[in-house]
K.L.:
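Once you've had a glance at the structure underneath, I'll fire off some questions.
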2 protein chains.
Amino acid sequence: MAKLQKSIDKRNALIRATINLVNNNGFHATPMSKIAKMAKVSPATIYLYFENKQDLVNKAYLEVKSAFTDYAFATYSEEMSVSTGFEIIWKRIADFKLKQCEEALFLAQCDNTPMIDEPSRKEGIKHLQPLLELWDRGKKEGIIKPISDYLLYAYAINPLSFLMIMQQRGACAIDKMDLEEAYRAAWDSIKLD
Amino acid sequence: MAKLQKSIDKRNALIRATINLVNNNGFHATPMSKIAKMAKVSPATIYLYFENKQDLVNKAYLEVKSAFTDYAFATYSEEMSVSTGFEIIWKRIADFKLKQCEEALFLAQCDNTPMIDEPSRKEGIKHLQPLLELWDRGKKEGIIKPISDYLLYAYAINPLSFLMIMQQRGACAIDKMDLEEAYRAAWDSIKLD
DNA sequence: GTATAAAAAATGAACGTTCATTCTTTTTTT
DNA sequence: AAAAAAAGAATGAACGTTCATTTTTTATAC
């Protein structure tokens, strides 16, 4: 137990260090030596936990993505109405993106650069399935616009990524009012009529 | 003339090569030697045109950003009504983002990573001034929601970046109908009432 | 509990490679 | 023939990864 515990701590420290450094410097400007230093570990030790640098960043991506979607769907259940379900999910996503900025910023960087390899990227997308199913249901019930998931995502979810980045850079502060407003805009842009 | 012409050609070739390679590999995974090769130039020659690699990518960013905003505002004039002006600008932005994918993708990557240094990033933002002024006017006239420019941008413009990236990755194809729909959603989410 | 040996985990130094940049020479332009 | 532009080769630093050892943990015997 003690042994396993310790290993998990180190693994977590490595992932956290990776996220932090990649956020500030980008993937290729983050040397393994710095990751090791921040995680208080020898560079060689990283290779006991991960195959190589690419594997480290892929795993970091997938873990953060999982944490994100787990959080997003934690209070949602398929019995909810489409509009309630969407509101619940949207607000959880907003919460995550604006409060767990470090993780959210890392995901944004992963999604906007060639940093993550294609298989891991594909794997990451799968985690959004519950949202896509909700949208499908909404389309069948005539509540949500019959347009592609990409368009729905672009209108309703993606604006949150932009706001998160701006807030993270200190360009603006998003308050509760803003979020209420943003939620309404999101719902208005995907609901039918 | 011949000499100057030749120089500008080489400079352009270097910028284009940078954009292309950075899009596919990221900034730090794009060696000067490859940029030189793609531009059909010796690595040493790059340093006759740019101070160093950072300078090269900063200048590439600023030039693409200029091209983008020039295109966005080319058919807009301040005499137009707020709603007409917005429609004109929005559709030009959409046009640029979805047709000049290479440039647009490069900008997205610059805006979402620590690749560009802070002064150049600040400089790049200035180019959006006409849009911000239009929004100011709209707010004063009671046509546009009295919320921060960041929120307006997040709702109305940023979704286009997401769609561009998805289309570029081959995940989806955006057609004229989609764009008409997206425009309406954009306007609905920022207009007052 | 304590001593001991085998196994596992962790380390710092070293290796080979790659890269941004510079240097020296050659080619082109004036 | 002088000056400017361009080139390829060279340089030194930084990087990802591996190697040879050392330290820590685990398992076993008393």
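A note on names: the letters A, B, ... follow the listed sequences, proteins ahead of strands, and every chain is numbered from 1.
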K.L.:
With salt bridge (Lys or Arg N to Asp or Glu O under 4.0 Å) as the test, would you mind laying out the steps for B:Arg184 and B:Asp188 before giving the verdict?
P.N.:
CA-CA 6 Å; B:Arg184 228 157 324 164; B:Asp188 281 354; over 6 Å; no
K.L.:
I would like to know whether B:Glu181 and A:Lys145 meet salt bridge (Lys or Arg N to Asp or Glu O under 4.0 Å); could you show each step before the answer?
P.N.:
CA-CA 10 Å; B:Glu181 177 73 42; A:Lys145 288 182 187 169; 2.7 Å; yes
K.L.:
Would you say B:Lys139 has more than 12 foreign heavy atoms packed within less than 6.0 Å of its NZ?
P.N.:
yes
K.L.:
Does the protein touch nucleotides 12-23 of chain C at the base, only the backbone, or not at all? Give it as B, S and - per nucleotide, heavy atoms under 4.0 Å.
P.N.:
B------SSBBB
K.L.:
So, are B:Lys91 and B:Glu87 salt-bridged, with charged N and O less than 4.0 Å apart?
P.N.:
yes
K.L.:
Given atom NZ of A:Lys37 and atom P of C:dA10, what is their separation to the nearest angstrom?
P.N.:
19 Å
K.L.:
CD of A:Glu118: more than 12 outside heavy atoms within 6.0 angstrom?
P.N.:
yes
K.L.:
Without hydrogens or angle criteria, can the side chains of A:Asp111 and A:Tyr61 be said to hold a donor-acceptor pair below 3.5 Å?
P.N.:
yes
K.L.:
In whole Å, I'd like the distance from the CD1 atom of B:Ile46 to the P atom of D:dG8.
P.N.:
12 Å
K.L.:
Any luck finding a side-chain donor-acceptor pair between A:Tyr150 and A:Asn158 under 3.5 Å?
P.N.:
no
K.L.:
Can you tell me the distance, in whole Å, between the CG atom of B:Asp9 and the P atom of D:dA5?
P.N.:
15 Å
K.L.:
Whole-Å distance between D:dA7 C1' and B:Lys40 NZ?
P.N.:
17 Å
K.L.:
Can you pull out how bent the helix from C:dG1-D:dC30 to C:dT30-D:dA1 is, comparing the axes over its first five and last five pairs, to 10°?
P.N.:
10°
K.L.:
Taking only side-chain nitrogens and oxygens of A:Tyr49, does any of them come within less than 4.0 Å of OP1 or OP2 of C:dA9?
P.N.:
no
K.L.:
Charged N to carboxylate O below 4.0 Å: is that the case for B:Glu102 and B:Arg16?
P.N.:
yes
